[in-house]
Number of protein chains: 2
Amino acid sequence: MPAGQPEQRKPVEGGLQSVLTALDVLDCFAHEEELGISDVARRIGVAKSTAHRLLTTLCARGMAEQNPETGRYRLGMKLFALGQLAANRSQMHKIALPLLADLKERTGATIHLAIPDGVEMLYVERLETFREMALMSAVPRRVAAHATSSGKCVAAFDEVFANARLTAGLPPETQRTLGSARDYRAALLQIRQRGYAVSIDEAVVGLTSVAAPVFDRAGKACAAISIVGPTPRILANVGGPARLVQSAATVLARQLCR
Amino acid sequence: MPAGQPEQRKPVEGGLQSVLTALDVLDCFAHEEELGISDVARRIGVAKSTAHRLLTTLCARGMAEQNPETGRYRLGMKLFALGQLAANRSQMHKIALPLLADLKERTGATIHLAIPDGVEMLYVERLETFREMALMSAVPRRVAAHATSSGKCVAAFDEVFANARLTAGLPPETQRTLGSARDYRAALLQIRQRGYAVSIDEAVVGLTSVAAPVFDRAGKACAAISIVGPTPRILANVGGPARLVQSAATVLARQLCR
DNA sequence: GGCACCGTTCCGCTGAGTGGAACGCATGGC
DNA sequence: GCCATGCGTTCCACTCAGCGGAACGGTGCC
């Protein structure tokens, strides 16, 4: 370290360095299915030996796994095990489940509960309808926030989240995905006015979704409930689903704040 | 440390100590929804300050969360986010999904894919049937391995797993749960002979399941596919479901080894 | 065959991580 | 009302765990 600076203290750290680095390693895999040691080391800016040590440790506990054929690494199933526990125990999840089931019964469509995660929406629960199963499996568990009704919904009521998505860019998923900051902001404004969001073929061609925001105690949009279905069927009567998701979201929010 | 020992080296460790300890902390929450700092420190045998530092670090990255009301800690949603990625990317999951969907269509029942995790079975995928949804939600995502057909199935073909369950005990879930080591071993023997497992009201009263083992490249039972339904309906014709899960499991195993 | 890169291993230096002690604050039994 | 107990949190000095760099064997591409 080049001397000269009057020994600036930096207690800023969020905690233990090696643990933080280990978690950084896991984060590396958020958008890459498989990575080698050297890759990981480069991404998080540590020595190769350090990355190797960290990954070996993570593997020892099942948080990561090594592909014996390629020698590269991937996320481990232990993460899934713990993640399931986390989700099942979350207050929101517990309260939301019956509401979502009711929504599904009333609409006969697929219902999602999603929360913001970084610049994407993470689908925490998905209740599928039998006949539409094939369609739905086209929707991954995590989608860029500007391409879905849930994502736009949360962004509309969370300035920080909206801006994060903007600076991360608005990559097109389909021809109808919002592509410019101008369109994006206009869409958010309309959502704030209407109280719900609609996405027509913006994430997957042929699928339309309607979402309403769930507000937490602090008044922040902490989740969204959405209905997804084939575009023609949903568009035939947008008002119905819109009213239903809104009321479900409101009930959920009220029970959360209790 | 009391001197006297000739300074025995112990390079046995699976890796970085502080990272391993951090993962131990997460494991503490496997069977407890919420824990305080002191609890955690006691469980993993470190100083309170260490536990606090570790949990603060985990919270900083969303792997844990602090309940602002009680000051205690729980698992964080980041685990869920990463866990979903891990599951979706797993080879088995990718191959199994269409097979499971087909099974569901043929039987009209609820289908599970489960993997062994510790002394329990972890449900990696669940395809629910509309009309039975209420019933199924009684089944949690993780069940003691002696009370389910999937668990007995894997145990029947994995001595280590079976013994682990035995030493952990056979807590009764219902009146019909296998309770003695003798019954347990007898059940496993029968499963080995028949090639599939049946659980009648052993996990949840009124529900019966039929499961077949999935073998990996090494010939170990690495997962199980199961069909669940109301006891009377399943028992009316056990052979059908049994043959179907067996064939699905065989196909999955073959494709896995490819 | 040479080169570049991979995952892995080894090693000595040092500062990050450790446990213990002290803090302020609830809780509850006397 | 008060002391005892336990909580989550903060601080600190000692020391050994974790760091980067160098070296190794293997693989695949020019």
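Below, chains carry the letters A, B, ... as their sequence lines are ordered, and counting in each starts from 1.
For A:Gln17 and C:dT18, the shortest distance from a side-chain N or O to OP1 or OP2 is not below 4.0 Å. Applying the 4.0 Å criterion to OP1 and OP2 of C:dC6, one finds that A:Tyr73 has every side-chain N and O outside that range. Taking only side-chain nitrogens and oxygens, B:Gln66 never comes nearer than 4.0 Å to OP1 or OP2 of D:dC7. Between B:Ser38 and D:dG8 there is a side-chain N or O to OP1 or OP2 distance below 4.0 Å. Neither OP1 nor OP2 of C:dG7 sits under 4.0 Å from any side-chain N or O of A:His52. Taking only side-chain nitrogens and oxygens, A:Arg42 comes nearer than 4.0 Å to OP1 or OP2 of C:dC6. For the OP1/OP2 pair of D:dG8 and a distance below 4.0 Å, the side-chain nitrogens and oxygens of B:Arg72 include no atom meeting the criterion.
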For residues 37-46 of chain B, run the donor-acceptor check on the side chains, cut-off 3.5 Å, and write out each pair with its distance to 0.1 Å, sequence neighbours left out.
{"residue": "B:Asp39", "atom": "OD1", "partner": "B:Arg42", "partner atom": "NH1", "Å": "3.3"}

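The backbone N or O of A:Leu23 sits nowhere less than 3.5 Å from a side-chain atom of B:Arg61 that would complete a donor-acceptor pair. Formation of a donor-acceptor pair under 3.5 Å by the B:Thr57 side chain with backbone atoms of A:Leu16 is found in this model.
Atom CD1 of B:Ile37 and atom C1' of D:dC7 are 10 Å apart (whole Å). If you take CG of A:Asp39 and P of C:dC6, they are 7 Å apart, rounded to a whole angstrom. In this structure, A:Glu69 places its CD atom 17 Å from C1' of C:dC6, rounding to the nearest Å. In this entry the distance linking CG of A:Leu58 with C1' of D:dG18 reads 15 Å, nearest Å. The CD1 atom of B:Ile44 sits 9 Å away from the P atom of C:dG19 (whole-angstrom rounding). Per the geometry, CG belonging to A:Leu54 stands 14 Å off P belonging to C:dG7, to the nearest Å. The separation between A:Lys48 atom NZ and C:dT9 atom P is 13 Å, rounded to whole Å. Taking atom CZ of A:Arg53 as the reference point, atom P of D:dA22 lies 15 Å away to the nearest angstrom.
Results of the salt bridge (Lys or Arg N to Asp or Glu O under 4.0 Å) test with A:Arg74 over A:Glu69, A:Glu33, A:Glu32 single out A:Glu33 as the only residue that passes.
Nearest-nucleotide positions on DNA chain C for A:Val19 and A:Gly36 put A:Gly36 closer to the 5' end.
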Checking A:Lys78 against B:Asp117 for the salt bridge (charged side-chain N to carboxylate O under 4.0 Å, His left out) test, could you report, in this order, the C-alpha distance in whole Å, the side-chain angles of both residues, the deciding distance, and whether it holds? CA-CA 8 Å; A:Lys78 183 63 160 294; B:Asp117 180 49; 5.9 Å; no

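Here C:dT18 is the nucleotide among C:dT18, D:dC19, C:dG7 with the atom lying nearest to any side-chain atom of B:Ser18.
Side-chain atoms of A:Ser49 and base atoms of D:dG21 include a donor and an acceptor less than 3.5 Å apart.
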